[in-house]
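A quick write-up on the structure given underneath.
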Amino acid sequence: MTVILGQMFTGISIGAVLLLIALGLSLTFGQMNVINMAHGEFIMAGAYTTYVLQKSISSAGISLIVALPVAFLVSGALGALLEWLLIRRLYLRPLDTLLVTWGVSLMLQQLARDIFGAPNVQTRAPDVLTGHITVIGGDDPLTFANNRLFILGLAIAAVVALSLTLRLTPLGRRIRAVVQNRDLAEVSGISTGRVDRTAFFIGSGLAGVAGVALTLVGPIGPTMGTNVIIDAFLVIVVGGIGQLKGSVIVAFVLGVLQSVLEYSTTVSVAKVLVLVAIVAFLQWRPQGLYTLRTRSLV
Amino acid sequence: MVAGAAALAAVVALSACGAKTNAGGTSDKAAQADVSGDTVKVGLLNSLSGTMAISEVTVRDSLKLAIDEINASGGVLGKKIKPISEDGASDWPTFAEKAQKLIKEDRVAATFGCWTSASRKAVKPVFEKNKSLLFYPVQYEGLEESPYIFYTGATTNQQIIPALDYLKSQGKKKIYLVGSDYVFPRTANKEIKAYAKANGMTVLGEDYAPLGSTEFSTIANKVKASKADAVFNTLNGDSNVAFFKEYKSAGLTAKSMPVVSVSIAEEEVKSIGSQYLAGQLTAWNYYQTTAGAANTKFVKAYKAKYGQDKPTSDPMEAAYTSVYLWKAMVEKAKSFDPEKVKAASDGITFDAPEGKVTVDGASQHIYKTARIGKIGSDGLIKQVWDSGKPIKPDPFLKGYSWASGLS
């Protein structure tokens, strides 16, 4: 019994990681139709930010807390810069954004290699996050890892913050207006260029936060972004483009599916089965889990 | 929606771009090393980027140390050694391409390097086709012999079997196998299962994660649920970082369920962090703490060159030793010609940091002492058991009846 519960928790925690890496992408790809291949490198930038901060702040706990907003700003600034330099010339040409941002992603990987060296690096997790809490004690204990709980909390906070921003703030209303009808938004007095840049800043900043979370589970390296970018696109496409709700549900479903299959088969077989399931699902519902039925976006 | 499908297709297509396949051109002519000037070139072929760089960069540094020392004392046959370093990038086809380049374009006299068995298997045909020598410095799964490879790390009976003997002597009867998904762990685990069957041990499960994988929560859960006595870990590269973080998060400790690792040495301990590893076991032939004058000198020279905080490790030591063994072979053969070097190899000895090693010319492996160590909270590994004397290499496990069905 505790095994099943433990696996459910593992699945949810994998889902939380998936959700975090996909969340920023759901804004830039889902809502703005920009296929940003450099999104993985913004995640990497967030992870390296954590690494740099830990070198200058000796307390692992404080450096992690500082890293969250700083990584958001660093990756967000990188994203805004990318938008201003290149992507704003390419709206409505999604396939071109793919090529351009892929080139940028390769450049950013090389830049990371030049600055931090080719070998992967690690950060020290604060002591409180290396332990676990015991939910059910006894002979066959059920334990939840603290770092996974932290990531789960982070993912929930990020979803709530993004969703509230899009629903309730003037900026959110402007983003939705621009996504629905760029020309009409422009003539209504909205500075679409500024809205684009801000939205891109937020989406990329969320990638930075995901990068901070990833330092808690694995190593940091120049290619870590390419390892996660495909998972992120899978979550968005299966969830339905532009559907935050779809991304949230699909991230957790894929996480649980992955962990259950891994437990009953092997890691490699589970990966194959998950991909087969995704292909089959997209045959049945090519538009993804949720479709844009109305003109509302969230 | 259309954009979504296009993006998905494009993402999949782009991710496939990394997989090139080409083991290099064809040639049956023996490679001619360029020894016309007053230098002789050798190739250093290591992953300087990617998931294996954590381990292989240190091997490259160690090879350079040996080359510097030899050059300072007059070189080989009156020629200074000029190293040509290439990056295998943790990618097997790249290893094969770079090996071809070193042999054909740079015309090196010998090549030192590779770490994973997959990279060695990828370059093996290149060295055999060109009749050029590779010195391979890392422990591996055995069951292999190539006329153009010298294996200076441990083979199975010098590392994995002593580790199993040690577990058995400690009363660890139920074991769980965790490894990276490629040739070394899969073959090693086949051998471990055969050993277990013959020695009254039970293998409760085996799990493989893709090389470079960082998602180990399910594997940790499975290991925990199995209630094994010990875990035999053949993970490679920085997957170990994620594995041990998860292991600790799952509440497993060196006390409750020790892990014996065959691919974690001092350098990896340092970067994974000893708080995750203290108390866990390793099986190697050398530790930085191994006693002996040759080791004191090696450790001192390495730290002087690369920094006082840099540890030395088994593969680094084997790499360092391999350059000296090559030098001794060349001097005995009085030639850089691979065939003559091979013919001269049998019985060559060297006072290595791990103790005296001897080349077994027939198998092109070397006699090595097995050592089990325990990782300390200072990041160093202390020996808890050794085989007492160098063990004769037995790559095909001919001396073990239970291994007769393996290939």
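Throughout, protein chains are lettered first and strands after them, A, B, ... in sequence-line order, and every chain is numbered starting at 1.
- Distance check, rounded to the nearest 0.5 Å: CZ of A/Arg148 to OG of B/Ser217 gives 4.0 Å.
- Pairing each heavy atom of A/Gln7 with each of B/Thr218, the nearest pair is NE2-CG2, 3.4 Å.
- Around NZ of B/Lys227, the count of heavy atoms belonging to other residues, nucleotides or ligands within 6.0 Å exceeds 12.
- Interface remark: A/Ile236 contributes no atoms to any contact with chain B (heavy atom separation under 4.5 Å).
- Salt-bridge annotation for A/Lys271 and B/Glu215: absent, with no side-chain N of the basic residue lying under 4.0 Å from a carboxylate O of the acidic one.
- Contact of A/Asn147 with chain B is made through the side chain alone, with heavy-atom distances under 4.5 Å.
- Within a 6.0 Å sphere centred on NZ of B/Lys303, other residues, nucleotides and ligands contribute more than 12 heavy atoms.
- The two residues A/Arg124 and B/Gln275 come nearest to each other via the heavy atoms CG-NE2, 3.3 Å.
- With chain A as the partner, the residue from B/Ala209, B/Ala242, B/Ser90 showing the most heavy-atom pairs under 4.5 Å is B/Ala242.
- The contact between A/Thr130 and chain B is made by backbone and side chain atoms together, counting heavy-atom distances below 4.5 Å.
- Rounding to the nearest 0.5 angstrom, the gap separating the CD1 atom in A/Ile4 from the CG atom in B/Asn221 is 12.0 Å.
- Close approach to chain B, defined as a heavy atom under 4.5 Å from one of its heavy atoms, is seen in A/Thr10, A/Ile14 of residues 8-16 of chain A, taken by number.
- For A/Ala125, the parts lying near chain B are the backbone and the side chain together; criterion is any non-hydrogen pair under 4.5 Å.
- No part of B/Phe243 comes within reach of chain A, as not one of its non-hydrogen atoms sits under 4.5 angstrom from that chain.
- For B/Lys245 against A/Thr215, the heavy-atom pair with the smallest separation is NZ-O, 3.4 Å.
- For residues 260-267 of chain A, a heavy-atom distance under 4.5 Å to chain B picks out A/Glu262, A/Tyr263, A/Thr265, A/Thr266, A/Val267, given by residue number.
- A pairwise comparison of heavy atoms in A/Arg113 and B/Ser49 identifies NE-CB, 4.3 Å as the closest pair.
- In terms of non-hydrogen atom pairs under 4.5 Å with chain A, the most contact-rich of B/Gly50, B/Ser213, B/Gly251, B/Ser55 is B/Gly251.
- Taken from CG in B/Asp207 to OG in A/Ser268, the straight-line distance is 9.5 Å, to the nearest 0.5 Å.
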